[in-house]
Amino acid sequence: QVQMAESGGGSVQAGGSLRLSCLASEDTISIYALAWFRQAPGKEREFVGSLGWSGAVEGTTSYADSVKGRFTVTKGDAKNTVNLQMNSLKPEDTGVYYCAMKFPGDSEYGYWGRGTRVTVSS
């Protein structure tokens, strides 16, 4: 089964940092890319950042303009783990953060974790 689990969410003050982690159940050779999305109350889910996992895209990253220079997506030390390091957090970063997986041939991210909540206060 394809399973993903996020962790590391919490409450911090503006300017603080958090590191989120996501563990995917699939073998790394079967994963094309892993990404982070977030959704605030009353807002649409938005892309945060991604990391290519295999093939031609391995090691490549992509970030939303709103988080460039503050957030970093990296492979975790544990197998099939991706991290999201969030620095200089702002209140507008508040939301539920989701890890998503894409397999080779997939046009969209079709596999999602349950999410972990991040709250940034002023």
Side-chain angles (χ1 to χ4, degrees):
Q1 290 183 324
V2 176
Q3 296 182 350
M4 308 179 71
E6 304 94 337
S7 63
S11 299
V12 298
Q13 292 186 329
S17 299
L18 283 174
R19 184 175 65 190
L20 307 183
S21 295
C22 173
L23 174 64
S25 63
E26 295 299 300
D27 193 295
T28 55
I29 65 173
S30 299
I31 300 171
Y32 185 71
L34 289 168
W36 289 94
F37 292 77
R38 67 187 182 187
Q39 185 171 25
K43 301 286 187 178
E44 294 185 351
R45 185 171 59 191
E46 64 176 345
F47 172 80
V48 175
S50 66
L51 174 63
W53 211 257
S54 65
V57 303
E58 182 178 358
T60 63
T61 57
S62 181
Y63 298 96
D65 289 340
S66 60
V67 305
K68 286 182 179 179
R70 299 189 299 119
F71 291 11
T72 306
V73 181
T74 60
K75 286 186 175 181
D77 293 333
K79 186 178 180 180
N80 298 337
T81 300
V82 63
N83 295 332
L84 178 66
Q85 178 66 46
M86 304 185 293
N87 299 325
S88 301
L89 283 163
K90 305 174 181 179
E92 52 262 42
D93 294 319
T94 294
V96 178
Y97 284 68
Y98 299 90
C99 180
M101 180 190 300
K102 181 187 294 184
F103 289 122
D106 290 348
S107 60
E108 300 178 353
Y109 290 91
Y111 305 91
W112 302 81
R114 293 182 178 274
T116 184
R117 184 174 296 277
V118 172
T119 302
V120 184
S121 60
S122 300

*Kindly check if the number of other-residue, nucleotide or ligand heavy atoms within 6.0 Å of CD (E46) is above 12?*
yes
_So that I can tick it off, tell me whether D93 and K90 are bridged by a salt bridge, with the cut-off set at under 4.0 angstrom between side-chain N and carboxylate O._
no
_Rounded distance [0.5 Å steps], SG in C99 versus CZ in R114_ = 14.0 Å
_If I take atom CD from residue E92 and atom NZ from residue K43, how far apart are they, to the nearest 0.5 angstrom?_
10.5 Å
*Rounded to the nearest 0.5 Å, how far does OG1 of T119 lie from CD of Q13?*
12.5 Å
_Nearest heavy-atom neighbours spanning S17 and S88_ = OG-N, 4.2 Å
*Once the angle between the rings of Y98 and W112 is folded into 0 to 90°, is it parallel (under 30°), tilted (30 to 60°) or perpendicular (over 60°)?*
perpendicular
*Interatomic distance, N80 atom CG to M4 atom CE [nearest 0.5 angstrom]*: 9.5 Å
*Write down the atom of Y97, the atom of M86, and the distance for their closest heavy-atom approach.*
CE2-SD, 3.7 Å
*Is there a side-chain contact between W36 and F71 (heavy atoms, below 4.5 Å)?*
no
*Would you say L34 and V118 are hydrophobically clustered, going by side-chain heavy atoms of ILVMFWY under 4.5 Å?*
yes
*When clusters are formed by joining ILVMFWY residues with side-chain heavy atoms under 4.5 Å apart, either directly or through shared neighbours, do I31 and F47 land in the same one?*
no
*Would you check if the side chain of S21 reaches a backbone N or O of N83 as a donor-acceptor pair within less than 3.5 Å?*
no
*Begin with the C-alpha distance, continue with both residues' side-chain angles, and end with the deciding distance and a verdict on side chain to side chain contact (heavy atoms under 4.5 Å, CB included) for L84 and R38.*
CA-CA 12 Å; L84 178 66; R38 67 187 182 187; over 6 Å; no
*If you group Ile, Leu, Val, Met, Phe, Trp and Tyr by side-chain heavy-atom gaps below 4.5 Å, do V82 and Y111 land in one group?*
yes
*Do the side chain of Y63 and the main chain of G69 share a donor and acceptor less than 3.5 angstrom apart?*
no
*Give, for atom CE of M101 and atom OG of S30, the distance between the pair rounded to the nearest 0.5 Å.*
9.0 Å
*asked:* If hydrophobic clusters are built by linking Ile, Leu, Val, Met, Phe, Trp and Tyr wherever their side-chain heavy atoms come under 4.5 Å apart, do V48 and L51 end up in the same one?
replied: yes
*Measure from NZ or CZ of K102 to the centre of the six-membered ring of W53, then state whether that distance is under 6.0 Å and the direction lies within 45° of the axis.*
no
*Ignoring hydrogens and angles, state whether a donor on the side chain of Q85 or N87 is under 3.5 Å from an acceptor on the partner side chain.*
yes
*With the 4.5 Å side-chain cut-off for hydrophobic clustering, are V73 and L18 part of the same group?*
yes
*Taking the six-membered ring for Trp, are F103 and Y32 ring centroids under 6.0 Å apart?*
no
*To the nearest 0.5 Å, tell me how far K79 NZ sits from L23 CG.*
11.0 Å
*Less than 4.5 Å apart, any side-chain heavy atom of E6 and any of L20?*
no
